[in-house]
There are 2 protein chains.
Amino acid sequence: MPDTQDLDPRKAAILEAVVSEYIGTAQPVGSHHVARAAGINVSSATIRSEMVSLEREGYLTQPHTSAGRIPTDKGYRFFVDQLSEPGVLGPAQRQKVSRFFDQVHGEMEEMLERTSGLLSELTSYASMVLSPGHDSAAVRSVQMVGLGSRVAILVVVLADGAVEKRSIELGEEVPDEVLVAASSRLQAVAHSHPLGAVSAGGASGDPRVDRVVALAQSALSELASEAHDHDRVFVGGPSRLADAFDAVDTVRAVLATLEQQLVVVSLLRDVLERGLSVAIGTEHGYEPLSSCAVVVAPVSVDGQSAGAVGLLGPTRMNYPQALAAARVVGEHLSHRLGTPVDPGGPERAVSEVRPRRRANGSR
Amino acid sequence: MPDTQDLDPRKAAILEAVVSEYIGTAQPVGSHHVARAAGINVSSATIRSEMVSLEREGYLTQPHTSAGRIPTDKGYRFFVDQLSEPGVLGPAQRQKVSRFFDQVHGEMEEMLERTSGLLSELTSYASMVLSPGHDSAAVRSVQMVGLGSRVAILVVVLADGAVEKRSIELGEEVPDEVLVAASSRLQAVAHSHPLGAVSAGGASGDPRVDRVVALAQSALSELASEAHDHDRVFVGGPSRLADAFDAVDTVRAVLATLEQQLVVVSLLRDVLERGLSVAIGTEHGYEPLSSCAVVVAPVSVDGQSAGAVGLLGPTRMNYPQALAAARVVGEHLSHRLGTPVDPGGPERAVSEVRPRRRANGSR
DNA sequence: TCTTGGCACTCGATTCTACCGAGTGCCAAC
DNA sequence: GTTGGCACTCGGTAGAATCGAGTGCCAAGA
């Protein structure tokens, strides 16, 4: 893409003005408005001719002749790429985030769900929080608990504090002692290995135990693969989408898409994998979301990718603010997950959790 | 309410015709349409005068002079109360339900989430599934697993297959042996008691163990109270609401309400407690949902209430169908939960799950 | 050559009017 | 009590007039 950066400064300024104005007002922007914008000292006629050129180059479009201009996806893209400083949250919002992460407690799932609420509240957009995959976390404990006559439940605790469970049809009556024996065998082979890499291990003396262990192992590997491909995702504030679009059809289509967890997960993954932090309109390739933009920020623990947070809004969303919010929340969340596990208890929580150096200029 | 049942048969027939027609078309219904309806053999003029009377009595209303009539909440209420047979699902839908419950597997949460999807797909309305409270289920296993240095996670398995977990800040370094000892102490005091009724139990020899046990016990009672008051609720197909209303504001308000789990839970609870299966308009007392109707069906296991399923749609929803769907799904779910725990595995599952006697005339 | 003010023109949005028709309320006759 | 007839209401639609924000073009000026 040769022309992404080589707009002359004036054109860039005009484009930026159009985008900002349109983001703010949702109304097509006319040359007069641009002329009035700070930092632009040419007449509206000049601006008009520049706009013609910007339109020819695909950055702007007109809803109809004799209306102002609207940015195209390409226009937004330029605007986003060229954002100099990453945008800053207001002090009130920043404080809200800090306070949230100081006080939040409870289980991981609950925390992530709350985080998605925070994010959507901060920005007024719908938010998405992709829970970290557990495939790399080591197993801390494996246990089988009998339930009723021929069913047991397998409970696995991972080093990151996640608890995975799965019920197992035993096929025949199995006494508790056997389950206990099986549990300790499993514990021996699985402990401190990651979920996906639990090796078979030799046979014990008791065939009943071996049989149960085998069942459990296949359940474990199922768990591993599930944990890997369909991570949970928490969607916050979908109702905000109803504010963003006035066509009720659009709202419906977008909401319906958000309801499909798989789609949301892969959307976030795709965008992350392409190393983007913003995907605008058709860039992400999900057709029903073509009037939306997605902003993502990675969450990482010990340098390893561990999920993501994201925002979904109209293409005319407030990118600087959304980017700032996603990044700040992503960083806080990374820190939080970096701590071995959340300190429970509803009392005022420990305050050393506050991040020491906020990596702000990290681009 | 003296006049709820004492409409003369013709008025009742007219009211019913208006409601049905309006449910189908969403258009105000005029006297001519009613006259054409089956089972009514009087002229439109007669119907007009009856309608005037129905309007005076509060069953119908006019959006404006010279338009047809629309049912009021009271009108819908009459219609619902007077429904003779509870409405039947089409064979295709019925089969869909059976097949769903034959094939569904996996964990409880996942199953409930899927159930809510099923329900909203069957009816095209938003659905709600209230997960059964665990407060009465007996504890099957309690275990503490150390994570990092000073944090442990408490994992409780209940007889109904639910797994509850909570992280515990230990305050100081605790060696694994102590956790193991504490786990077995806990297991001894908690096993086969319901979560809420775990008694203290005497002291052991080791003060470190006692301390950990005490921490765990307070976590247990927290768990019990949480499990009691904020049960999880699964909302399915909220995007359907965008079809039901054309005012985008209404959609937003309703969606926003649905996002608040607590509200949804208490909505369902309230309606159930009042012994209703339908709450129309303002009957449920949740102002933002005043243009909605709620249909609920209880889920019970062994005669004990164990959650509920519900539907949320516009007041002009298809009550017979919604009631039928909610009831059928509620019954299937009750059966399913009655089975000790779901038989895992994607193979064709047991088929005795099919309900034997469908309590049809249960009013 | 670039910029600018001027000007004619476009076209969506708004307002007004006319009109249609579904629906009502009333009434006299059955 | 029921019915057909009739005058009337009033939202919705269609067309005409108007408004105004905004454009494209052009000739004059820097």
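Not measured: the values here are computed from a predicted model. Reckoned from all heavy atoms, side chains included, excluding hydrogens, waters and symmetry mates. Numbered from 1 within each chain, the chains take letters A, B, ... in sequence-line order.
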Can you check the A/Glu50 CD to D/dG22 C1' distance for me, whole Å? 18 Å
From CG of B/Asp8 over to C1' of D/dG1, roughly how many Å is that when rounded to an integer? 12 Å
When all nucleic acid strands are considered with a 4.0 Å heavy-atom cut-off, which category describes A/Ser49: base, sugar-phosphate, or nothing? nothing
Sugar-phosphate, base or nothing in reach of B/Ser44, heavy atoms under 4.0 Å: nothing
How is B/Ala45 classified with respect to the nucleic acid when contacts are heavy atoms under 4.0 Å: base, sugar-phosphate, or nothing? base
Any idea which of D/dG4, D/dG11, C/dG25 is nearest the B/His64 side chain? D/dG11
Tell me the interatomic distance from A/Met51, atom CE, to D/dC25, atom C1', rounded to whole angstroms. 17 Å
Length of the CD1-C1' vector between A/Ile14 and C/dC2, whole Å: 13 Å
Under-4.0 Å salt bridge between B/Arg274 and B/Glu283: no
Interatomic distance, B/Ile40 CD1 vs D/dT2 C1' [rounded to whole Å]: 15 Å
Quick one: A/Arg10 CZ to C/dC2 P, roughly how many Å, whole number? 10 Å
Can you find a donor-acceptor N/O pair under 3.5 angstrom joining the side chain of A/Ser66 to the base of C/dT10? yes
So, A/Tyr286 versus A/Asp270: side-chain donor-acceptor pair below 3.5 Å or not? yes
Would you tell me if any nitrogen or oxygen in the side chain of B/Thr65 comes within less than 4.0 Å of OP1 or OP2 on D/dC8? no
Under 3.5 Å, is there a donor on one side chain and an acceptor on the other for B/Ser239 and A/Arg252? no
A/Arg48 (side chain) and C/dG5 (base): donor-acceptor pair under 3.5 Å: no
Less than 4.0 angstrom between a side-chain N/O of B/His33 and OP1 or OP2 of C/dG23, yes or no? yes
Rounded off to whole Å, could you give me the CD-to-P distance for the A/Gln27 and C/dG12 pair? 15 Å
As a test of reading the structure: which of C/dT10, D/dT3, C/dT4 is closest to the side chain of B/Thr46, going by heavy atoms? D/dT3
Just the rounded figure in Å: distance from C1' of C/dG25 to CD1 of B/Ile47. 15 Å
Closer than 4.0 angstrom, basic N to acidic O: yes or no for A/Arg77 and A/Asp81? yes
What about A/Arg69, does its side chain sit under 3.5 Å from the base of D/dG24 through a donor-acceptor pair? no
Going by distance alone, is a donor N or O of one side chain under 3.5 Å from an acceptor N or O of the other, for B/Glu57 and B/Ser53? yes
